[in-house]
Amino acid sequence: MERTELSEFGEFKLIKHLTQNIKLKHKSSLLGIGDDAALIDTDGKKVLLTTDMLLEGVHFHLSYMPLKHLGYKAVAVNLSDLYAMNAIPKQITVSIGVSNRFSVEAVEEIYEGILLCCDNYQVDLVGGDTVSSQSGLVISVTAVGLADEKEITYRKGASEGDLICVSGDLGASFMGLQLLERERSVFEENPKIQPDLAGKEYIVERQLKPEPRADIIRLLKEQGIVPSSMIDVSDGLASELFHLAAASGLGCKIYEVKIPIDPQTDLTADEFKLSPVSAALNGGEDYELLFSIKQSDYEKIKDQKGISVIGHTTQESEGLHLVTRVGEQIPLKAQGWNAFSEKEV
Ligand code: ADP
Ligand code: MG
């Protein structure tokens, strides 16, 4: 493969090269790349703003993260934050720190992923920054979304007795990561052994190419539901439940049997001698939506594919509990995925 040195291009030519084909999709993107700032029209709505930074060696390893996926994921995780506020993402800016270890072609691959995600979710790339980095690769994305004020959903806002729902399934991304990490260490010991990921495509994809749940936001809108509270699942179900409960001043009860887990997650957890429920509670990076609704909205969502009711909110004094398969009540712990351990439920 050809390799063009970054030094051959220089900053301005690189920016031009990466962004020259960008066509703005939204009328609200009044001015994009090329001046000192982008100009955005708010169409009488409220503006929501979020940012996330990905660091090489901390949030990803290039040994198993293809550059295109990395670009895609960097955008996807920001859009997920906006959907979690019930907002529609409109614009992003992208800032990158690259060392000359990277070629122009490598940075292009990152941008392919960034622009693919922008196309899939109808978002305009309207600016950014490009710097050289001495250490690893850094990608920082800032996303702008719009929402009607009365439709914005916060972490606070749930009432006692609301139903707690989650989209999709949980724990897959974490199990995908375990698999990729294992294959990485096998590869480092013996580069002749190629990764064996057959039959594990779903969980690997969940880790490498998460999809923010625009479809769930659309579905809720169609059903006329504004969740009473909402958050996206980036650090594991348990941790997000703690955030919702704390912000709303409530407790909750979650039923183990109701937690949606894909068969591939189950199978892989088994192979790693981990509990799939632990992966769902403490794994993270699922980028699903966790939200609460009024009981009166139950009929509207009970037959919807992709939404599971997993429990309900309680008085704050009752705390947060998981009801196990055998009906035992265990206090939930918000460990985050660093402290992940197979012994904990
Ligand atoms: P300034 O010195 O004013 O910050 P830059 O030369 O950094 O200007 O950027 C010029 C234009 O290119 C601006 O519109 C900026 O938002 C955009 N830009 C810079 N880097 C990137 C990038 N990595 N991706 C997208 N747009 C970028
Ligand atoms: Mg700049």
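When a ligand or atom number is given, it counts from 1 through the structure's own listing order.
Between R213 and D215, at least one side-chain nitrogen of the basic residue sits less than 4.0 Å from a carboxylate oxygen of the acidic one, meeting the salt-bridge criterion. Between K73 and E285 there is a salt bridge, with a side-chain nitrogen of the basic residue lying less than 4.0 Å from a carboxylate oxygen of the acidic one. Under a 4.0 Å N-O distance rule, the pair E256/R325 qualifies as a salt bridge. We find that E56 and R101 are joined by a salt bridge, their nearest charged nitrogen and carboxylate oxygen being less than 4.0 Å apart.
Listed by number with element, the atoms of ligand 1 under 4.0 Å from a non-hydrogen atom of I33 are 12 (O), 14 (O), 17 (C), 25 (C), 26 (N). Close approach of ligand 1 to V94 is summarised as follows: ligand atoms under 4.0 Å from at least one heavy atom of the residue are 22 (C), 23 (N), 24 (N). Listed by number with element, the atoms of ligand 1 under 4.0 angstrom from any heavy atom of D35 are 13 (C), 14 (O). Each of the atoms 22 (C), 23 (N), 24 (N), 25 (C) of ligand 1 lies under 4.0 Å from some heavy atom of Y111. Near F12, with a cut-off below 4.0 Å to any heavy atom, the atoms of ligand 1 are 6 (O). Residue E11 has at least one heavy-atom neighbour below 4.0 Å for each of these atoms of ligand 1: 6 (O), 7 (O). For ligand 1 and D36, the ligand atoms under 4.0 Å from any heavy atom of the residue are 3 (O).
For the residues T130, V126, L125, the heavy atom positioned nearest atom 20 (N) of ligand 1 is part of T130. Nearest-residue assignment for atom 14 (O) of ligand 1 (options A37, G34, G128, G127; heavy-atom criterion): G34.
For ligand 1, none of its N or O atoms has an N or O atom of T19 under 3.5 Å away.
The 12-atom threshold is not exceeded at NZ of K46, counting heavy atoms of other residues, nucleotides or ligands nearer than 6.0 Å.
The closest approach between L18 and ligand 1 stays at or above 4.0 Å for every heavy atom of the residue.
For the side chain to side chain contact (heavy atoms under 4.5 Å, CB included) criterion with V166, the lone passing option out of V309, L289, L290 is L290.
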Apply side chain to side chain contact (heavy atoms under 4.5 Å, CB included) to residues I40 and V144 and explain how you reach the verdict. CA-CA 9 Å; I40 295 171; V144 176; 4.2 Å; yes
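Judged purely by atom type and a 3.5 angstrom limit, S140 has no side-chain atom pairing as donor or acceptor with the backbone of M53.
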